[in-house]
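Note sheet for the following structure.
FYI, the numbering just counts along the sequence from 1.
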Amino acid sequence: MLYYLFRFLEQFNIPGARMWQYISFRALLTLILSLLISAWFGERFIKYMKRRKISETARDASIDPFGTAKKGVPTMGGIIIIVSILVPVLLLGRMRNIYIILMIITTLWLGFLGFLDDYIKIFRKNKEGLKGKWKIFGQVSIGFIVGIVLYLSPDAVMRENISVQQSNQTEQVVRHEPTAHKSLKTTIPFIKNHNLDYSEVMSFCGKHKVAAGWVLFVLMTILVVTAVSNGANLNDGMDGMCAGNAAIIGVALGILAYVSSHSGYASYFDIMFIPGSQELVVFLCAFVGAMIGFLWYNAYPAQVFMGDTGSLTIGGIIGVVAVIIHKELLLPILCGIFFVESLSVIIQTQVFKWYKHKGQRVRVFRATPIHDNFRKLDSQLDQTSRYLLRGWPERQFHESKITFRFWIVTIILAAMTIITLKIR
């Protein structure tokens, strides 16, 4: 809203009005505002939840082997995150931008889905929360909506890198196509001509390969949103873990969104130029600010948990941004922590089921998601089960050390993701 107000005032030569046209000014202002809102609103939210004695009863003090009590800590802290994102974006973003609209819808949609899950756990006293099929339905639905909008919207276009200059055996993109158009191409890492065309993947469909390519794109969008959302949800198990990882991922996506929106940088990195994607930088600055502000209260020992209200929203935002800037195939690297968390749960579940048919109780890890494996005491294990990796690691760690080490791994993965644009 303020963007349009100062754009109107600019014609009257109001001093400072022109600054609001610069994406760097609005993005940094959004970051600051998001931090302030999360700090101010977070304190009041926590006091309100404690006064009403609203906490997740499923939390167990014995989960922390180092003695920090987890009972009675308010949950649904994702509301702090959502408010801290949406208020700055509504004030400083360009509301006519299709990408901003999609991000707002994604935030509200998955925030509401997570809120329902937390509501059932807290107020209905059902620790299972929202049934899994309804969670998946909600995630699939928003993925489908995002994919269809990107297919139908005339504003969701790109300009592909086409002109290559050869000098001293070096290839460099010097310009992009003069007109923007719909494209089914996406960036893949470590490949010299690192674009994958979904329509070419579906070339076996003959003359219908473009239509089939869009179907594949929508299915990929659904898969990405669902997978990353669930991965973030599984990663939310230690104080500060998910929020810290999400902040780092948000910074990396912000860099990718900015270079994708700038024709010069897009040429240098040999990636698609996506007009209008600069507004995602504003949104991601609000996202990062909300994560850092939330850490003020969520860092060990946590004063509030984000709950599914926050974790499902965080994963969905990351997935949708990656799809919009055509970097969804970089997510296995960038969100490697989320991927490993999900993989550990799948391995644990499938191995247990397979051995159960043989009448045995066998597990791979001491606990899953994988971060719990590093803090689970032998005395807390199911003595009727055999653990294939019972001796790994040899000792348990404090959850703050586990959290910081996971952050460090995510920083490395974020750097690798950006480096892949030049390594091919």
I would like to know whether Arg366 and Asp372 meet salt bridge (charged side-chain N to carboxylate O under 4.0 Å, His left out); could you show each step before the answer? CA-CA 8 Å; Arg366 287 198 292 250; Asp372 278 334; over 6 Å; no
Under the 3.5 angstrom rule, does the side chain of Arg375 hit a backbone N or O of Phe397 as a donor-acceptor pair? no
Test your reading of the model: is there a side-chain donor-acceptor pair from Ser153 to the backbone of Leu150, 3.5 Å cut-off? no
Would a distance-only check, ignoring hydrogens and angles, find a side-chain to backbone donor-acceptor pair under 3.5 Å from Lys182 to Tyr151? yes
Within-4.5 Å side-chain heavy-atom neighbours: Ile122 and Met76: yes
Ignoring hydrogens and angles, tell me if any N or O in the side chain of Thr186 forms a donor-acceptor pair with the backbone of His326 under 3.5 Å. yes
Separation of Ile105 CD1 from Ile100 CD1 (nearest 0.5 Å): 11.5 Å
Within 45° cone and under 6.0 Å: Arg395 NZ/CZ vs Phe374 ring: no
Please identify which of these residues, Val304, Thr309, Thr313, meets the side-chain contact (heavy atoms from CB on, under 4.5 Å) condition with Ile79. Thr309
Give the C-alpha distance, both sets of side-chain angles, the deciding distance and a yes or no for side chain to side chain contact (heavy atoms under 4.5 Å, CB included) between Ile314 and Met291. CA-CA 9 Å; Ile314 287 171; Met291 294 300 105; 3.6 Å; yes
Please work out whether the ring planes of Trp214 and Phe217 are parallel, tilted or perpendicular, with thresholds of 30° and 60°. perpendicular
Taking everything shown except Arg361 itself, do over 12 heavy atoms lie less than 6.0 Å from its CZ? yes
Tell me if the CH2 atom of Trp392 is crowded by more than 12 foreign heavy atoms within 6.0 Å. yes
Heavy-atom donor-acceptor pair, Lys327 side chain to Ile325 backbone, under 3.5 Å: yes
So does Ile346 get a backbone contact from the side chain of Thr349, meaning a donor-acceptor N/O pair under 3.5 Å? no
CG (Leu29) and OG (Ser24) are apart, to the nearest 0.5 Å, by 11.0 Å
Taking Asp155 for the side chain and Asn97 for the main chain, is one N or O donor matched with an acceptor at less than 3.5 Å? no
Which heavy atom of Pro74 sits nearest a heavy atom of Lys50, and at what distance? CG-CG, 3.6 Å
Apply side chain to side chain contact (heavy atoms under 4.5 Å, CB included) to Leu90 and Ile104, showing your working. CA-CA 9 Å; Leu90 291 173; Ile104 291 173; 3.9 Å; yes
As an exercise, state the distance from CE of Met220 to CG of Leu184, rounded to the nearest 0.5 Å. 12.0 Å
Does a donor on one side chain and an acceptor on the other come within less than 3.5 Å for Asn230 and Gln139? yes
Using every non-hydrogen atom in the two residues, find where Arg363 and Ser385 come nearest and quote the distance to one decimal. NE-OG, 3.3 Å
Are any of the side-chain heavy atoms of Glu279 and Met95 separated by less than 4.5 Å? no
Would you call the rings of His262 and Tyr258 parallel, tilted or perpendicular, where under 30° means parallel and over 60° means perpendicular? tilted
What pair of heavy atoms forms the shortest contact from Ser311 to Asp236, and how long is it? CB-CB, 4.0 Å
Take Thr187 and Leu421 through the side chain to side chain contact (heavy atoms under 4.5 Å, CB included) test and state the conclusion after the steps. CA-CA 9 Å; Thr187 301; Leu421 298 182; 4.3 Å; yes
Measure across Pro275 and Val157 and return the closest heavy-atom pair with its distance rounded to 0.1 Å. CD-O, 3.7 Å
Taking the basic N atoms (NZ, or NE/NH1/NH2) and the acidic carboxylate oxygens, is any pair closer than 4.0 Å for Glu200 and Lys185? no
Hey, does Phe339 have a side-chain heavy atom less than 4.5 Å from the side chain of Val228? no
Mind listing the closest non-hydrogen atom pair of Ser141 and Trp109 along with its distance? CB-CZ2, 3.5 Å
Going by the side-chain contact (heavy atoms from CB on, under 4.5 Å) test, name the single residue among Pro369, Cys242, Cys335 that passes it with Asn235. Cys242
Quick check for you: to the nearest 0.5 Å, what is the distance between Phe365 atom CZ and Phe352 atom CZ? 15.0 Å
Over 12 foreign heavy atoms within 6.0 Å of CZ, Phe25: yes
For the OG1 atom of Thr75 and the CZ atom of Phe305, what is their distance to the nearest 0.5 Å? 7.5 Å
Under 3.5 Å, side chain of Ser34 to main-chain N/O of Ile85, donor-acceptor pair present? no
Pair Asn233, Asp308: side-chain N/O donor-acceptor within cut-off below 3.5 Å: yes
Residue Trp296 excluded, over 12 heavy atoms near CH2 under 6.0 Å: no
N/O donor-acceptor pair under 3.5 Å between Ser229 side chain and Thr226 backbone: no
What are the two closest heavy atoms between Gly244 and Trp407, and how far apart are they? CA-NE1, 3.4 Å
Tell me if the CZ atom of Arg124 is crowded by more than 12 foreign heavy atoms within 6.0 Å. no
How long is the span from the CD1 atom in Ile142 to the OG1 atom in Thr221, to the nearest 0.5 Å? 11.0 Å
Beyond-backbone contact of Ser260 with Phe273, side-chain heavy atoms, under 4.5 angstrom: no
Do Tyr48 and Arg44 pair up side chain to side chain, a donor and an acceptor below 3.5 Å, judged on atom types alone? no
How about Ser261 and Ile274: do any of their side-chain heavy atoms sit closer than 4.5 Å? no
Test item: Arg386 and Tyr355 side chains (from C-beta on) under 4.5 Å apart, heavy atoms: yes
Is there a donor-acceptor pair closer than 3.5 Å between any side-chain N or O of Gln383 and the backbone N or O of Leu381? yes
Is there side-chain contact between Lys121 and Lys127, with heavy atoms separated by less than 4.5 Å? no
Heavy-atom distance under 4.5 Å between the side chains of Val225 and Val146, does that happen here? no
Tell me, yes or no, whether the heavy-atom count around Phe144 atom CZ, taken from other residues, nucleotides or ligands under 6.0 Å, exceeds 12. no
Going through the checks in order, is the side chain to side chain contact (heavy atoms under 4.5 Å, CB included) test met by Leu413 and Leu334? CA-CA 5 Å; Leu413 293 174; Leu334 180 58; 5.8 Å; no
